[in-house]
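Note sheet for the following structure.
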Protein chains: 2
Amino acid sequence: MENKQKPLSKNQKIILEYIQKNKKPVKAYSILSNVQKKGINAPPQVYRALDKLIEIGKIHKVESQNSFVACKTSDCETPHATAFSICDSCDEVSEINDPKLFKYLLDFKDNSGIKFDGYNLEFFGTCKSCETS
Amino acid sequence: MENKQKPLSKNQKIILEYIQKNKKPVKAYSILSNVQKKGINAPPQVYRALDKLIEIGKIHKVESQNSFVACKTSDCETPHATAFSICDSCDEVSEINDPKLFKYLLDFKDNSGIKFDGYNLEFFGTCKSCETS
DNA sequence: GAGTATAGCGTTATATTATAACATAATTAT
DNA sequence: ATAATTATGTTATAATATAACGCTATACTC
Ligand SMILES: [Zn+2]
Ligand SMILES: [Zn+2]
Ligand SMILES: [Zn+2]
Ligand SMILES: [Zn+2]
């Protein structure tokens, strides 16, 4: 029951804060240009921090957009079991936190009977505000 | 019940055949270098054909790999409802064709009650042959 | 606390993935 | 036949991501 939380490094903190400030997912090079004033100069610095933040579940990558978004479900303990809904029209992304869906997918077995370690699910549709406009 | 199948164009045919020949997903630039002898010279020719083939459900994009794979479930009528299993160790990808999963996901409603038009699901794990080695 | 392993940093260069833009040709629909 | 749509070929460039190298900070272990 320990919550072994290694503190974030300087760059990791800067980049996580920037991602968390944004409601929508952000792109790596947009992160870069927005944190240059904080002394982060080059892509590898961004991508390294992103990799680490993904690994520890603080952020997720939206694969269909090559963008990055902060975890909204209090730091996914199972960081590699993620589900999102994505609006085709405005690119809004929200993380789905549905225990039943989560369990259904982690329990899912393919036809050879094997279970999986993780998954990424991206739903597509039209969000409410785009629907009505 | 019509099966309105527009014939594929020359480039689309070449590229589809190449993808179908491969068991594993292939990358766009690998496609390019392998079809240059057939007169396809530049990235846009590849990406245009890929876009079209995806649209009509002949192939799918594996988002976590930026790779492309032929549809194995007899040309997905719902091309934007796709599920794959991906081996973390050898990158093998197989398309999951499970009607129950399919229905579960297409019927899924988020907490605001809205349904989605499509989805992409990628499961991660270790495939059988990697497991035993 | 000295030694060592691990993780992070800063930098330059480069690899990989994808699209813009424009002129032309082929196909399909009216 | 004309018009609209779809596809092609080409050049250039944008956008995304990693390799490689030397250095520094932090954590571990004896
Ligand atoms: Zn999360
Ligand atoms: Zn929207
Ligand atoms: Zn398919
Ligand atoms: Zn494998």
Side-chain angles (χ1 to χ4, degrees), chain A residues 2-19 22 24-69 86 91 93 120 122, chain B residues 2-19 22 24-69 86 91 93 120 122:
Chain A
E2 277 298 301
N3 211 347
K4 204 151 202 148
Q5 296 251 51
K6 242 193 68 177
L8 298 178
S9 76
K10 174 177 143 277
N11 289 0
Q12 289 160 12
K13 245 179 274 180
I14 292 170
I15 286 169
L16 177 57
E17 271 163 27
Y18 177 73
I19 296 172
N22 286 271
K24 286 198 185 180
V26 285
K27 303 266 195 166
Y29 277 73
S30 155
I31 295 170
L32 175 57
S33 65
N34 280 281
V35 297
Q36 282 190 319
K37 55 199 165 212
K38 304 230 174 183
I40 290 174
N41 308 304
Q45 298 173 289
V46 174
Y47 282 103
R48 284 172 193 148
L50 290 174
D51 288 346
K52 191 67 188 188
L53 292 168
I54 289 169
E55 191 190 318
I56 63 179
K58 293 282 185 188
I59 66 170
H60 305 299
K61 181 173 185 182
V62 182
E63 293 287 356
S64 63
Q65 294 187 345
N66 298 316
S67 64
F68 303 87
V69 68
I86 301 173
D91 291 333
V93 172
N120 179 252
E122 301 183 3
Chain B
E2 275 299 304
N3 209 348
K4 204 151 202 147
Q5 296 251 53
K6 242 191 70 177
L8 298 178
S9 76
K10 172 178 144 277
N11 289 0
Q12 289 159 11
K13 245 179 275 180
I14 292 170
I15 285 168
L16 177 58
E17 271 162 27
Y18 178 72
I19 296 173
N22 287 273
K24 285 197 184 180
V26 285
K27 304 266 197 165
Y29 277 73
S30 154
I31 296 170
L32 175 57
S33 64
N34 280 281
V35 297
Q36 283 190 318
K37 54 198 165 210
K38 304 231 174 183
I40 291 174
N41 308 304
Q45 296 173 289
V46 174
Y47 281 102
R48 284 172 192 146
L50 290 174
D51 287 348
K52 192 67 189 189
L53 292 168
I54 289 169
E55 192 190 318
I56 64 179
K58 294 281 185 187
I59 67 171
H60 305 300
K61 182 173 186 182
V62 182
E63 293 287 356
S64 62
Q65 294 188 343
N66 297 317
S67 64
F68 303 88
V69 68
I86 300 173
D91 291 334
V93 171
N120 179 251
E122 301 183 4

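In what follows, every chain begins at residue 1, and chains take the letters A, B, ... in the order their sequences are listed. Remember, it's a predicted structure, so these values are computed and weren't measured experimentally.
- Of the residues in residues 30-41 of chain B, none lies under 4.0 Å from DNA chain C by heavy-atom distance.
- Between A/L8 and A/L53 there is a side-chain heavy-atom pair separated by less than 4.5 Å.
- Here the side chain of B/A28 is nearest to one of C/dA18, D/dT8, C/dG8, namely C/dA18.
- For C/dA18, its base sits under 3.5 Å from the side chain of B/Y29 at one donor and acceptor pair at least.
- Rounded to whole angstrom, the span from the NZ atom of B/K13 across to the C1' atom of C/dT27 amounts to 13 Å.
- Between the side chain of B/E122 and the backbone N or O of B/E63 there is at least one donor-acceptor pair closer than 3.5 Å.
- No side-chain heavy atom of B/L32 sits less than 4.5 Å from a side-chain heavy atom of B/K27.
- Dashed line: the shortest gap from a side-chain N or O of B/N11 to OP1 or OP2 of D/dT8 is under 4.0 Å.
- Within the 4.0 Å cut-off from OP1 or OP2 of D/dT16, not a single side-chain nitrogen or oxygen of A/K61 is found.
- Between the NZ atom of A/K6 and the P atom of D/dA25 there is a distance of 15 Å, given to the nearest Å.
- When side chains are defined from C-beta on, A/I56 counts as touching A/K52, because their heavy atoms get closer than 4.5 Å.
- What separates CG of A/L50 from C1' of D/dA15 is a distance of 15 Å, to the nearest Å.
- In this structure, the side chain of B/Q45 engages the main chain of B/A42 through a donor-acceptor pair within 3.5 Å.
- Taking only side-chain nitrogens and oxygens, A/S9 comes nearer than 4.0 Å to OP1 or OP2 of C/dC9.
- Contacts of A/N22 classified as side-chain contact (heavy atoms from CB on, under 4.5 Å), with partners at least two apart in sequence or in another chain: A/Y18, A/V26.
- For A/N66, a side-chain nitrogen or oxygen approaches OP1 or OP2 of D/dA17 to under 4.0 Å.
- Side-chain proximity of A/F68 to the nucleotides C/dT11, D/dA17, C/dA21 is greatest for D/dA17.
- The side chain of A/Q45 places no N or O atom within less than 4.0 Å of a non-bridging phosphate oxygen (OP1 or OP2) of C/dT11.
- Taken over five-pair windows at either terminus, the axes of the helix from C/dG1-D/dC30 to C/dT30-D/dA1 are inclined to one another by 50° (rounded to 10 degrees).
- The shortest distance between side-chain heavy atoms of A/I14 and A/K10 falls below 4.5 Å.
- Between the CG atom of A/D51 and the C1' atom of C/dT6 there is a distance of 17 Å, rounded to whole Å.
- Put simply, the side chain of A/N11 does not reach to within 4.5 Å of the side chain of A/R48, judged on heavy atoms.
- Close to D/dG9, at under 4.0 Å from its OP1 or OP2, lies a side-chain N or O of B/K10.
- With rounding to whole Å, B/R48 atom CZ is found 15 Å from C/dA26 atom P.
- Between B/K52 and D/dT6 there is no side-chain N or O to OP1 or OP2 distance below 4.0 Å.
- Using a 4.5 Å heavy-atom threshold, the side chains of A/S64 and B/N120 count as separate.
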